[in-house]
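One structure is given below, encoded as structure tokens.
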Amino acid sequence: RQTLEEMRALYERNQADVSEAKSGRPDLIFLIRFRHCCLLRNQRCVLAYLYDRLLRMRALRWEYGSVLPSSIQFHMSAEEVEWFNRYKKSLATYMRSVGGEEGLDLTQDIKPPKSLYIEVRCLRDYGEFEIDDGTTVLLKKNSQHFLPRWKCEQLIRQGVLEHILS
């Protein structure tokens, strides 16, 4: 915001000096050019900053899933939340179109798994958790389970489960 205010002030001063330069003060041309270069530099900096935030928001979708923690969402502007939601919908549409009837969840295995099942410890009470074969597991704090990796990864990212490394 400070940069945008600075850019607005530089632009207004340039507009005033341009009208003076046209009316017979050619010595202001160098100052006008200098301010214009400052405006272009600030514009490049703002665009680089916004692009970096966009990349970070895209990475948040892959890291946290479709629902962001409120502590992260608090630091996002309304436009950024809107962009995140549109990206989330676009990614979901693409994943449904790939991989047959159920689609393919590309966010599950970011790295190829070494085994299909992992041992996990529940960090907080979660309730019942259903596995694809219809079995339900009660996830209570400090309980340990041997579950399919792809079913657990989202809960691990959310902080409900922790992977126990042997």
Any F84 side-chain heavy atom under 4.5 Å of M76 side chain
yes

Determine whether L91 and L55 fall in the same hydrophobic cluster, where Ile, Leu, Val, Met, Phe, Trp and Tyr are linked whenever their side-chain heavy atoms lie under 4.5 Å apart.
yes

Test item: E80 side-chain N/O and S77 main-chain N/O as donor-acceptor pair under 3.5 Å
yes

May I ask you to check if K151 and F129 form a cation-pi contact, with NZ or CZ under 6.0 angstrom from the six-membered ring centre and within 45° of the axis?
yes

On a heavy-atom basis, the closest approach of C122 and L161 is CA-CD2, 3.8 Å

Option passing side chain to side chain contact (heavy atoms under 4.5 Å, CB included) with V120 (candidates I164, L147, L155, V160):
L147

I'd like to check N42 versus E6 (side-chain heavy atoms, cut-off strictly below 4.5 Å). Are they in contact?
yes

Under a 4.0 Å threshold between the charged nitrogen and the carboxylate oxygen, would R157 count as salt-bridged to E63?
no

S143 versus K141: any side-chain heavy-atom pair under 4.5 Å?
no

Is there a side-chain contact between P148 and I131, using heavy atoms and a 4.5 Å cut-off?
yes

Checking side chain to side chain donor-acceptor pair (under 3.5 Å) against D17, which of K22, R35, R25 comes through?
R35

Under 3.5 Å, is there a donor-acceptor pair between the side chain of D52 and the main chain of A48?
no

Between L4 and L39, is there shared hydrophobic-cluster membership here, with clusters defined by ILVMFWY side-chain heavy atoms closer than 4.5 Å?
yes

Looking at side-chain heavy atoms only, is the closest gap between L28 and V18 below 4.5 Å?
no

Check whether any side-chain heavy atom of C45 lies under 4.5 Å from a side-chain heavy atom of Y49, and answer yes or no.
no

For atom CD of Q15, decide whether the heavy atoms of other residues, nucleotides or ligands shown that lie under 6.0 angstrom number more than 12.
yes

Tell me whether H36 at atom NE2 has more than 12 heavy atoms from other residues, nucleotides or ligands lying less than 6.0 Å away.
no

L68 and L60: CA distance, side-chain angles, deciding distance, side-chain contact (heavy atoms from CB on, under 4.5 Å) verdict
CA-CA 8 Å; L68 289 177; L60 288 174; 3.8 Å; yes

Please examine the side chains of L165 and H163, heavy atoms only from C-beta on, and report whether any two atoms are closer than 4.5 Å.
yes

Roughly how far apart are M7 CE and R41 CZ, rounded to 0.5 Å?
11.0 Å

Would you please test W83 and R86 for side-chain contact (heavy atoms from CB on, under 4.5 Å) and show each step?
CA-CA 5 Å; W83 184 91; R86 283 187 297 172; 3.8 Å; yes

Are Y11 and F34 connected into the same hydrophobic cluster when the rule is that any two of I, L, V, M, F, W, Y join if their side-chain heavy atoms are below 4.5 Å apart?
no

Among pairs that include at least one residue of residues 65-74, which meet side-chain hydrogen bond (donor to acceptor under 3.5 Å, both in side chains), considering only residues two or more places apart or in two chains?
none

Does any non-hydrogen side-chain atom of M57 lie less than 4.5 Å from one of Y87?
no

